[in-house]
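Note that the structure is predicted; figures quoted are calculated from it, not measured. Just so it is clear, the values below take in all heavy atoms, side chains as well, and ignore hydrogens, waters and symmetry mates.
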Number of protein chains: 2
Amino acid sequence: MVQKDAGAVAKTRGRPRAFNPVKALHAMREVFWHKGYAATSLDDLCAAAGMNRPSLYNAFKEKAEVFKAVLDDYVAEVKPLYEKAFLAPVRYKEALLLVYETAFNIYLVHTKGLGCFMIGAALTDSTRDAGVAAMILEQLRKMDRGFLKLAQAAERRGELRAGVTPEQAAILCASIHNAISVRMRAGETVDDLRCYVKQAINIICA
Amino acid sequence: MVQKDAGAVAKTRGRPRAFNPVKALHAMREVFWHKGYAATSLDDLCAAAGMNRPSLYNAFKEKAEVFKAVLDDYVAEVKPLYEKAFLAPVRYKEALLLVYETAFNIYLVHTKGLGCFMIGAALTDSTRDAGVAAMILEQLRKMDRGFLKLAQAAERRGELRAGVTPEQAAILCASIHNAISVRMRAGETVDDLRCYVKQAINIICA
DNA sequence: GTCTTTTTGTACCATACTGCATAAAACCCT
DNA sequence: AGGGTTTTATGCAGTATGGTACAAAAAGAC
């Protein structure tokens with residue numbers, strides 16, 4: 001173990017990789033995001049990642065593995081963004097706006113609204129890959145929990161509409177979050193969706 | 001114009017079709033629903049419809065046309081079911097439950113929850129087919145209007161929670177409807193979603 | 001310098017897919 | 001019965017796709 005820069009890659013034995021693993025994952029993510037899992041070919045992925053098929057098979061094993069790696073990468077990137085919004089020291093209403101604005105920012109890929117990566121690219125094909133379905137459900141649940149914690153904190157501060165439980169508020173917030181993905185991918189504009197979100201928020205916190 | 005049974009097909013000139021157009025559309029719908037647009041091949045469709053490729057090319061023109069025919073057929077079948085629920089002479093709460101129960105029934109295909117056909121099979125690929133995207137948006141809007149009318153009627157009868165406008169209520173209802181599709185396809189059980197729906201409804205009408 | 005390890009690039013194979021050509025079949029009309 | 005019309009069935013050609021074999025290349029280890 002030679003001492004090196006902390007950030008440096010551990011010295012490997014063979015020929016060094018010609019491609020940048022991080023950039024490759026990002027490039028492949030965009031292809032999947034635009035075309036969906038099934039419509040994306042390995043050639044598409046290779047072209048986007050700037051590597052040839054054997055390298056792709058060496059780094060991953062098969063298409064499904066590539067996709068899971070991309071999905072993991074997406075989750076890892078998006079998670080802290082949502083967490084930041086969820087933990088912002090602002091009132092409930094503003095926090096919710098912040099969460100949805102975070103979603104809008106994530107869902108806009110090169111000025112094109114594609115919705116959540118999982119819902120847009122993987123949901124359809126989740127019927128045939130139990131692993132992917134499980135990943136989607138897990139992330140949905142995580143968002144649900146985030147919205148629930150937010151609502152519970154709001155309740156403690158008396159910011160919830162009278163007679164509304166945190167559980168109910170959280171379910172609505174999560175539903176809106178899902179609906180945004182669907183509608184954005186179907187072509188609804190961000191401006192329209194912003195109005196949509198504001199209306200919805202007003203029903204939760206008066 | 002020879003007088004015949006009212007329901008009979010108009011007498012055509014050549015060899016009669018061996019396949020039942022209605023059954024074929026339904027069978028192909030299921031394939032699309034399970035596998036999604038992109039992952040469904042023409043052979044899959046032929047096998048399901050019980051016809052061979054030239055017949056399929058004769059009846060439709062290409063895969064996209066088949067899909068649009070299937071989508072039209074789906075909409076035509078589903079529309080009256082939702083309308084019936086929307087126009088049922090019951091209280092707001094029960095009407096909403098009825099609408100969502102209608103959705104559950106539609107979305108359960110052979111005991112497997114696949115969500116809305118459009119969201120499950122077409123949404124992903126709507127990025128590359130403007131026609132499909134337009135059809136999805138149109139149907140979303142129709143559901144939105146249905147929920148809005150329902151909420152307006154509820155307001156007139158004083159069944160809306162105080163301080164909630166019909167527009168706000170309608171947006172939440174539509175979001176829940178979208179969320180159900182997403183979650184069902186991701187693997188959530190109908191029982192869980194029923195709880196989800198009940199909780200959500202309670203926030204709209206106290 | 002030589003050996004070992006890992007990646008790269010070219011080429012390849014088997015399969016699946018789209019789309020069509022062609023001939024036989026089934027029906028109506030006269 | 002014969003001609004006209006439309007559908008069916010078989011089969012084929014060109015291409016795309018998923019996946020792999022193999023030799024050359026680039027690095028570290030000794």
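Comparing A:Phe19 and B:Pro16 against DNA chain C, the residue whose closest nucleotide sits nearer the 5' end is A:Phe19. A residue-by-residue look at B:Asn58 and A:Pro54 shows that B:Asn58 has its nearest nucleotide of DNA chain D further toward the 5' end.
Annotation for A:Lys142: atom NZ counts as buried by contact number, over 12 foreign heavy atoms lying within 6.0 Å.
For the pair B:Glu65 CD and C:dG19 P, the interatomic distance rounds to 12 Å; values are reported in whole Å. Note: CZ (A:Phe60) to P (C:dT7) measures 12 Å, nearest angstrom. One atom, NZ of B:Lys35, and another, C1' of C:dC17, lie 12 Å apart when rounded to the nearest Å. Rounded to whole Å, the distance from CG on A:Leu56 to P on C:dT8 is 10 Å. Regarding B:Asn52, its CG atom lies at a distance of 13 Å from the C1' atom of C:dC20, rounded to whole Å.
For C:dT8, one of the phosphate oxygens OP1 or OP2 lies less than 4.0 angstrom from a side-chain nitrogen or oxygen of A:Ser55. Of the side-chain N and O atoms in A:Arg17, one or more sit less than 4.0 angstrom from OP1 or OP2 of C:dT7.
Among the candidates B:Phe117, B:Phe60, B:Tyr74, the single residue satisfying the ring-ring contact (aromatic ring centres under 6.0 Å, His included) test with B:Phe67 is B:Phe117.
Note: A:Phe147 and A:Phe86 have perpendicular aromatic rings, judged against thresholds of 30 and 60 degrees for the angle between ring planes.
From A:Ser175, atom OG reaches atom CD1 of A:Ile180 across 11.0 Å, with rounding to the nearest 0.5 Å.
Electrostatic pairing of A:Asp144 and A:Arg141 does not count as a salt bridge here, judged by no charged N lying under 4.0 Å from a carboxylate O.
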Discussion item. Base contacts versus sugar-phosphate-only contacts with protein, heavy atoms under 4.0 Å: please encode nucleotides 13-19 of chain D as B, S and - from 5' to 3'.
Written reply: ----SBB
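Of the listed nucleotides (D:dA9, D:dG3, C:dT5), C:dT5 has the atom at the smallest distance from the side chain of A:Arg13.
Sequence neighbours left out, not one pair with a member in residues 59-68 of chain A passes side chain to side chain donor-acceptor pair (under 3.5 Å).
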